[in-house]
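Structure record follows, encoded as structure tokens.
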Amino acid sequence: MQTATAKQKLFIGGQWVETEQVHPIYNKYTGELFLQVCKAGEREVSLAVESAERAFREVPFTPEYRYTVLSKVSALLREQADDIARIIAQEGGKPITDAKVEVIRSANTFLLAAEEAKHLKGDIIPTQATPGVGNRFIYTIKKPVGVVCAITPFNFPLNLVSHKVAPALAAGNPIVIKPASDTAAVALKLCELLEAAGVPTGYVQCVVGDGSTVGEQLLHDQRITYYTFTGSPGVGKHIKQTIGLRKATLELGSNSATIVHEDGNVAKAAERLAKMAFAHAGQICISVQRIFVHKDVAQPFMKAFLGHVEKLKVGDPLDPATDVGPMISEKEAQRIEAWVNEAVREGANVLTGGTRQGSLFQPTVITNASKGMKVVDEEVFAPVVTVTTYDTIEEAIRLVNDSKYGLQAGIYTSNLSLSYQIPHLLEVGGVIINDTCCFRADQMPYGGVKESGIGREGPAYAIEEMLETVTVVVNLDE
Ligand SMILES: NC(=O)c1ccc[n+]([C@@H]2O[C@H](COP(=O)([O-])OP(=O)(O)OC[C@H]3O[C@@H](n4cnc5c(N)ncnc54)[C@H](O)[C@@H]3O)[C@@H](O)[C@H]2O)c1
Ligand SMILES: O=C[C@H](O)CS(=O)(=O)O
């Protein structure tokens, strides 16, 4: 990684490529210039896809070697975790402790994908009992889909890139990465590690630039067979409409909810919810945005919850004591300030927070919020949570489901029967029992329903989506 005054080059076809135009990346807390990154033009984007396509046709990449490369990247991430975490903290504003967790999770994501590369297999299809099939042996093989394009957001600038690069490579596909420009430094750092680990030429490229230029060009390039996108629902819908019949995985937004039921552990719920509603300043797709608490436990819950929230330390992401850092930009902090003020005008109460200093927004707890308010209906993607009481579990389920989104939901309850039933009733891609909706283990299938997306990530599941199944029928009578 270079210094702020030097230009960080792009990675295309195994070369570090310099361009005229740069994108300045700023330290999101101090506002100082952190790094200048070369911006891809039409030529570099086309070259990136061409390099990937050529690699796919001409460069062998065996499953055994995929394992070697991916596991080496995992080891390098672990070795360099402290330095890489500092990049994430500076360009992304993520508290250093959380940034370090992200790096270690990425190392794990690579290792999980490496292991999967050893186990790619098709199926044997039983035919003996099917009339008319005759003496035929039917089986399937799995082939890589072709050139994959990864388009990623700013909030987990390493692990969400890893969740696309590692499975694509494990499946034998070359990839073109277009990271969010404001946090592109760590994606390019990952390319350095992939190069050091010996990734074959052309299997990884990274081009930086705006969604409206670089992103659009990638969507229209017919040499790309598969898109894996994480980002906002608006861009996700646009991708789906633009790419036609080509396949895509879309990991989009949410206004995720957690229920604190009358028989749940209120003390634990209050502590975890205070952490997970405000982690990374609420800029997590599964961040706790709506809390529904049973009326009988609402008072002790609120007391404990507010106590924890008011202890959160807001400030410099490089300070290990910081819990909540800045938002990605002052513009985003101004947006959420306006949404909170609008909710107050419409009758909501702010119990704590609600104030802004530049891009720092104080952890904010809102009550008396209702449907029709942006802080309830839209994805806040900010350190803001609403708390609403309910009378019956049926009402709580209806409130959780009353959303255009459906990524994950959480419930605190000691009722075994309810724990079993509720995943069948909630309209989400993942249900977390006795923890908040903001939980992800990197190996689990992860993704949403409704406007939260299409498909599942987690190395084993992403690999499956990035493979083509070919059926082979052998007529044994010939
Ligand atoms: N479900 C998940 O797993 C998940 C994870 C993280 C973030 N997110 C979502 O991401 C959003 C926040 O991230 P963001 O602000 O970086 O999202 P964003 O949608 O603004 O940008 C994501 C990426 O899309 C690119 N892009 C924008 N317009 C494009 C276009 N026309 N064509 C092609 N690419 C284009 C951007 O440059 C960026 O690289 C939130 O909605 C959040 O919920 C979802
Ligand atoms: O922002 C949403 C991400 O999916 C979070 S995580 O990296 O998967 O935890």
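Start at 1 and go down the list; that is how both ligands and their atoms are numbered. Not measured: the values here are computed from a predicted model.
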Problem set entry | side chain to side chain contact (heavy atoms under 4.5 Å, CB included) partner of Leu218, the single match among Thr213, Thr242, Ile243, Ile224 |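 Output: one option passes, namely Ile224.
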Between [X] and ligand 1, find which residue part has any heavy-atom pair under 4.0 Å and reply side chain, backbone, both or neither.
X      : result
Glu457 : neither
Gln283 : neither
Leu219 : side chain
Leu407 : side chain
Ile284 : neither

Problem set entry | NZ/NE/NH1/NH2 to OD/OE distance under 4.0 Å, Glu20 and Lys39 |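 Salt bridge flag = no for Lys39 with Glu20.
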Exercise. Do the charged groups of Arg335 and Glu332 touch, with an N to O distance under 4.0 Å?
Worked result: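 Yes, Arg335 and Glu332 are salt-bridged.
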Any N/O of [X] closer than 3.5 Å to an N/O of ligand 1?
X      : result
Asn155 : no
Val235 : no
Phe154 : yes
Thr152 : yes

Closest protein heavy atom to [atom], given as residue, atom name and distance to 0.1 Å:
atom                    : result
atom 12 (C) of ligand 1 : Phe381 CE2, 3.4 Å
atom 37 (O) of ligand 1 : Lys178 NZ, 2.9 Å
atom 1 (N) of ligand 1  : Leu252 O, 2.6 Å

Exercise. Less than 3.5 Å between some nitrogen or oxygen of Ile284 and one of ligand 2, yes or no?
Worked result: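 Checking ligand 2 against Ile284, no N or O pair falls under 3.5 Å apart.
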Exercise. For Gln283, is at least one N or O under 3.5 Å away from an N or O on ligand 2?
Worked result: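 In this structure, Gln283 places no N or O atom under 3.5 Å from an N or O of ligand 2.
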So for [X], does at least one of its heavy atoms come nearer than 4.0 angstrom to any atom of ligand 1?
X      : result
Pro179 : yes
Gly453 : no
Phe156 : no

Problem set entry | Lys164 and Thr249 side chains, donor-acceptor separation under 3.5 Å |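 There is no such pair between these side chains.
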Exercise. Is it true that the side chains of Glu195 and Trp16 contain a donor and an acceptor less than 3.5 Å apart?
Worked result: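 There is such a pair (donor and acceptor under 3.5 Å, judged by atom type) between the side chains of Glu195 and Trp16.
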Run the numbers for me: atoms of ligand 1, each under 4.0 Å from some heavy atom of [X], listed by number.
X      : result
Glu216 : 30 (C), 31 (N), 32 (N)
His238 : 31 (N)
Gly215 : 32 (N), 33 (C), 34 (N)
Glu379 : 40 (C), 41 (O), 42 (C), 43 (O)
Ile151 : 23 (C), 24 (O), 25 (C), 33 (C), 34 (N), 39 (O)
Phe229 : 19 (O), 22 (C), 23 (C), 24 (O)
Thr230 : 2 (C), 3 (O), 4 (C), 5 (C), 6 (C), 7 (C), 8 (N), 22 (C), 44 (C)
Leu160 : 5 (C), 6 (C)

Exercise. What is the minimum heavy-atom distance between Val161 and Leu190, and which atoms define it?
Worked result: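 Scanning both residues completely, I find the closest heavy atoms to be CG1-CD2, 3.9 Å.
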Exercise. So which heavy atom on Pro179 is nearest to which on Ala184, and how close?
Worked result: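 Where Pro179 meets Ala184 most closely, the heavy atoms are CG-CB, 3.9 Å.
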For this session: Give a yes or no on whether Lys275 atom NZ has more than 12 heavy-atom contacts from other residues, nucleotides or ligands under 6.0 Å away.
Result: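 Atom NZ in Lys275 is not crowded, with 12 or fewer foreign heavy atoms closer than 6.0 Å.
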Exercise. Counting only heavy atoms not in Lys371, do more than 12 sit closer than 6.0 Å to its NZ atom?
Worked result: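 Check passes, neighbour count above 12.
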Problem set entry | Pair Phe156-His163, side chain to side chain contact (heavy atoms under 4.5 Å, CB included): steps then yes or no | CA-CA 10 Å; Phe156 281 77; His163 266 290; over 6 Å; no
Nearest non-hydrogen contact with [atom] belongs to which option: [options]?
atom                    : options                        : result
atom 32 (N) of ligand 1 : Ser254, Ser232, Gly209, Gly211 : Gly211
atom 9 (C) of ligand 1  : Cys285, Gly253, Pro153, Gly231 : Gly231
atom 1 (O) of ligand 2  : Asn155, Thr109, Leu158         : Asn155

For this session: Supply the atom-to-atom distance Phe11 CZ to Lys189 NZ, rounded to the nearest 0.5 angstrom.
Result: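 If we round to the nearest 0.5 Å, Phe11:CZ and Lys189:NZ are 13.0 Å apart.
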Exercise. Has Arg456 got its NZ or CZ under 6.0 Å from the middle of the six-membered ring of Tyr461, at an angle within 45 degrees of the ring axis?
Worked result: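 Not satisfied by the 6.0 Å and 45° rule.
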Short side-chain to backbone donor-acceptor contact, [X] and [Y], under 3.5 Å:
X      : Y      : result
Glu18  : Lys7   : no
Ser287 : Gln283 : no
Lys28  : Glu91  : yes

For this session: Could you walk me through whether Thr413 and Ile259 pass the side chain to side chain contact (heavy atoms under 4.5 Å, CB included) test, one step at a time?
Result: CA-CA 9 Å; Thr413 178; Ile259 299 170; over 6 Å; no
Problem set entry | Region of Glu251 that comes within reach of ligand 2 [heavy atoms, distance under 4.0 Å] |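 Within the 4.0 Å criterion, Glu251 makes no contact with ligand 2.
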